[in-house]
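Basis for what follows: all heavy atoms, side chains included, without hydrogens, waters or symmetry-related copies. Naming: A, B, ... by sequence-line order, numbering from 1 per chain.
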Protein chains: 2
Amino acid sequence: MGRWQPNARGRLEQAALDLYVERGFAQTTVTEIAGRAGLTERTFFRHFADKREVLFSGSAELQELLVAAVNGAPEGAAPIDAVAAGLDAIGDLMQERRPYARRRQSVITANTELRERELIKLATLSAATAEALHRRGVAEPAASLAAEAGIAVFRIAFGRWVGGPDDKELAQLMRESLAELKAVAAGA
Amino acid sequence: MGRWQPNARGRLEQAALDLYVERGFAQTTVTEIAGRAGLTERTFFRHFADKREVLFSGSAELQELLVAAVNGAPEGAAPIDAVAAGLDAIGDLMQERRPYARRRQSVITANTELRERELIKLATLSAATAEALHRRGVAEPAASLAAEAGIAVFRIAFGRWVGGPDDKELAQLMRESLAELKAVAAGA
DNA sequence: ACGGTTGATGGCAGGAGCTGACATCGTCCC
DNA sequence: GGGACGATGTCAGCTCCTGCCATCAACCGT
């Protein structure tokens with residue numbers, strides 16, 4: 001067997017989430033997280049850029065899924081429909097991880113610094129979506145606006161999903177929210 | 001005359017922006033900012049919660065203006081039109097301060113931490129707008145979606161205004177972007 | 001006029017986040 | 001068998017930020 005226990009990164013993520021839930025983000029030190037994972041503070045910072053980033057390792061995967069779904073939309077589909085396809089894809093993924101998502105989100109919502117980080121991750125998703133639309137031939141500012149609108153729909157629907165009853169599916173909530181956005185934009 | 005020079009807060013803001021422009025946000029220490037303003041680091045942190053906040057003192061004023069304009073929209077106006085009225089109001093205000101806005105934005109765009117802070121300020125604007133709509137009788141999630149859509153329009157238009165030629169007015173860019181968003185939402 | 005209160009500031013100690021430089025030591029490859 | 005490699009540890013140090021107490025002019029009530 002190896003010199004080190006496997007999956008140091010995953011152990012750090014697990015320890016961090018547990019501690020953030022137990023005593024709060026601000027009341028947890030990086031040294032404590034590393035200690036629980038059997039590592040040192042210095043090693044934590046080799047795996048994660050800072051104390052917040054440890055909660056956001058999944059956003060890269062989410063982005064790939066979203067972009068792939070936008071790319072995979074029918075060639076003639078309207079931009080907003082390509083975005084909707086992306087939302088469906090990430091909705092299905094997150095639905096499978098609902099307990100984890102709730103736990104994680106309770107930590108993020110409770111701390112302003114973490115909400116800041118979450119917002120910039122969403123902004124990154126939006127930018128990636130806009131770029132994907134652009135490659136589909138959608139001009140600016142339509143591409144960016146469609147992407148921003150899609151992320152807004154995600155944000156609203158996700159909030160309702162996390163805080164709402166278990167039988168509401170995220171993808172369904174997103175479809176409803178998108179329909180609502182369309183109505184609002186039309187001047188309803 | 002008083003024991004202290006007047007407008008300590010304003011001097012700190014001026015010194016901070018100047019230094020952030022000159023050598024960058026990360027390369028500037030709070031001690032340097034305070035020193036240039038004739039104060040100490042400790043006093044800086046009495047006026048601003050952290051090193052980033054010194055660039056965002058205007059957001060409260062912006063929010064008041066936005067909410068007031070939403071409140072002042074005709075009673076029968078559709079949510080999206082009430083939001084548009086708010087965008088017009090802040091557009092006019094910012095138009096008067098374009099040189100300052102460019103300078104400030106160049107600093108923010110160059111630093112991730114500052115972009116995070118900017119995003120949460122915009123999210124706060126969105127939440128305040130949603131609440132104003134709610135008081136007008138707009139139900140959820142329509143209120144939040146209209147607010148998010150409005151802030152998305154602001155975001156896109158602002159980016160084009162800051163980076164574009166001088167003769168393009170922000171309010172005009174926002175009207176164009178809003179029209180584009182409506183087209184996109186309709187499936188164009 | 002005098003004394004107490006208030007309010008903005010300074011000084012200092014200290015914790016926590018984060019980084020650079022160097023050491024350690026299994027593993028892998030030739 | 002030896003050297004390169006890679007993940008981790010150790011340590012020093014800077015900066016951000018906070019708590020606590022001191023200072024001192026302005027103001028206020030008597």
Which of these passes side-chain hydrogen bond (donor to acceptor under 3.5 Å, both in side chains) with A/Arg117: A/Asn111, A/Asp50, A/Thr112? A/Asp50
To the side chain of B/Glu41, which of C/dT9, D/dC17, C/dC18 is closest? D/dC17
B/Ile151 with A/Ile80, same ILVMFWY side-chain cluster at under 4.5 Å: no
Looking only at the side chain of B/Arg42 (C-beta and beyond, no hydrogens), which of the listed nucleotides C/dG17, D/dC20, D/dG9 gets closest? D/dC20
Can you find a side-chain donor-acceptor pair between B/Gln27 and B/Glu22 that sits under 3.5 Å? no
Tell me the interatomic distance from B/Asp50, atom CG, to C/dA16, atom C1', rounded to whole angstroms. 15 Å
Thinking salt bridges, do A/Glu61 and A/Lys121 make one under a 4.0 Å N-O criterion? no
side-chain N/O B/Thr29 vs D/dT15 OP1/OP2, d < 4.0 Å: no
Polar pair under 3.5 Å, donor/acceptor by atom type, side chain A/Arg52, base C/dG17: no
Take atom CG of B/Leu12 and atom P of C/dA8, then tell me their distance rounded to the nearest Å. 14 Å
Presence of donor-acceptor pair under 3.5 Å, side chain of B/Arg46 and base of C/dG7: no
Round to a whole Å and report the spacing from CD of B/Glu113 to P of D/dC16. 10 Å
Let me know the distance between CZ of A/Arg9 and C1' of D/dT8, rounded to the nearest Å. 16 Å
Using whole Å, what does the distance between atom P of nucleotide D/dT15 and atom CZ of B/Phe45 come to? 12 Å
Report the distance from atom CD of A/Gln5 to atom P of D/dG9, rounded to the nearest whole Å. 12 Å
Integer-rounded Å distance: D/dC16 C1' and B/Ile33 CD1: 11 Å
5' precedence on DNA chain C between B/Leu39 and A/Ala49 (nearest-nucleotide basis): B/Leu39
